[in-house]
Amino acid sequence: MLQRLTISMVFVGVLISLNMAGAAAQGQAPATPAAATPEAAAAFLGDWTITAEGANGPATFALSVKVDNGKVGAEISSDMQPLQAITDITTSGTSLVLKYMFDYQGTPVPVVVTLKPADDKVGAQLDFADGAYQMTGTATKKKPE
């Protein structure tokens, strides 16, 4: 009898937790991505250095975000990755989201780079192969010469 009562109490606790989590999630809808306009991407225009850390150690990326013919575009490169053009650029809330593919030994690998302002910094999240490998760090805007 005591075991059945304990199981019932755990079950009720799980239901209450799930209900509370669902209510909290309903109160905060995620931002819907929108194609980046030059106005929406204005704070991100320029040349950036992304310094990030992942399970395999640190990496540095060079990122350039520009407006060409009224469209936001970008290029990214690193010591391990040649220069890649990025045309799939959206904004989500205050973040800039850049999506591209690079070739790794004949295999296309999708990458999502998210730049998100926070306090005095811009956070950088790099997601490779739909979450198979992730890096987190900061993006620093280079000063114009």
Side-chain angles (χ1 to χ4, degrees), residues 6-145:
T6 302
I7 291 171
S8 296
M9 290 174 61
V10 168
F11 182 70
V12 168
V14 168
L15 286 177
I16 290 170
S17 296
L18 288 173
N19 195 20
M20 290 174 72
Q26 287 176 0
Q28 295 181 345
T32 303
T37 63
E39 297 79 20
F44 298 100
L45 298 178
D47 296 324
W48 296 80
T49 299
I50 298 174
T51 306
E53 183 87 25
N56 294 334
T60 302
F61 299 84
L63 174 69
S64 181
V65 182
K66 304 173 189 175
V67 174
D68 189 25
N69 293 323
K71 286 194 67 158
V72 179
E75 294 179 329
I76 192 167
S77 64
S78 73
D79 291 342
M80 302 292 293
Q81 177 184 317
L83 189 65
Q84 299 281 315
I86 304 173
T87 58
D88 185 350
I89 304 173
T90 58
T91 56
S92 180
T94 60
S95 298
L96 187 70
V97 181
L98 306 101
K99 297 178 184 179
Y100 68 99
M101 300 279 263
F102 79 94
D103 181 273
Y104 179 74
Q105 298 180 350
T107 302
V109 177
V111 182
V112 178
V113 178
T114 304
L115 301 180
K116 182 175 185 167
D119 300 324
D120 297 357
K121 298 180 181 181
V122 175
Q125 176 75 33
L126 294 93
D127 185 314
F128 297 85
D130 299 320
Y133 186 76
Q134 297 181 340
M135 300 184 84
T136 303
T138 57
T140 305
K141 196 172 196 177
K142 294 180 183 178
K143 294 185 174 75
E145 295 179 8

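- In this structure, the separation between OG1 on Thr49 and CG on Leu63 is 9.0 Å, given to the nearest 0.5 Å.
- For the atom pair Phe128 CZ and Gln134 CD, the distance stands at 10.0 Å (nearest 0.5 Å).
- Of the inter-residue distances, the one linking Glu53 atom CD with Met135 atom CE reads 6.5 Å to the nearest 0.5 angstrom.
- Panel note: side chain Thr37, backbone Ala40; a donor-acceptor pair is recorded below 3.5 Å.
- Val72 has its side chain within reach of Pro38: a pair of non-hydrogen atoms, C-beta onward, lies under 4.5 Å apart.
- With rounding to the nearest 0.5 Å, the separation of NZ in Lys143 from CG in Asp47 is 14.0 Å.
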Output, in order, the C-alpha distance, side-chain angles, deciding distance and verdict of side-chain contact (heavy atoms from CB on, under 4.5 Å) for Trp48 and Thr140. CA-CA 5 Å; Trp48 296 80; Thr140 305; 5.6 Å; no
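- In Lys116, the NZ atom is not crowded: 12 or fewer heavy atoms of neighbouring residues, nucleotides or ligands sit closer than 6.0 Å.
- One distance of note links CE of Met80 with OG1 of Thr60; it measures 12.5 Å at 0.5 Å rounding.
- Residue Ala36 comes nearest to Ala41 through the heavy atom pair CB-CB, 4.4 Å, listed as atom of the first residue, atom of the second, then distance.
- Not a single donor-acceptor pair under 3.5 Å links the side chain of Lys71 to the backbone N or O of Lys66.
- Residues Ile76 and Val111 form no side-chain contact, since every pair of their non-hydrogen atoms from C-beta on lies 4.5 Å or further apart.
- For the side-chain contact (heavy atoms from CB on, under 4.5 Å) with Ile50, the lone residue among Thr138, Val122, Val113 that qualifies is Val113.
- Residues Pro110 and Asp130 have side chains in contact (heavy-atom distance under 4.5 Å, counting atoms from C-beta outward).
- Separation of atoms CZ (Phe61) and OG1 (Thr51) is listed at 10.0 Å; rounding is to 0.5 Å.
- Residue Ala43 comes nearest to Lys141 through the heavy atom pair O-NZ, 3.5 Å, listed as atom of the first residue, atom of the second, then distance.
- Under the 30°/60° scheme for interplanar angles, the aromatic rings of Phe102 and Tyr104 are found to stand perpendicular.
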For Val112 and Tyr100, run side-chain contact (heavy atoms from CB on, under 4.5 Å): C-alpha distance rounded to whole Å, both residues' side-chain angles, the deciding distance at 0.1 Å, then the answer. CA-CA 7 Å; Val112 178; Tyr100 68 99; over 6 Å; no
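- A donor atom on one side chain and an acceptor atom on the other are not found under 3.5 Å apart for Glu75 and Ser64.
- At least one side-chain heavy atom of Val97 sits under 4.5 Å from a side-chain heavy atom of Lys99.
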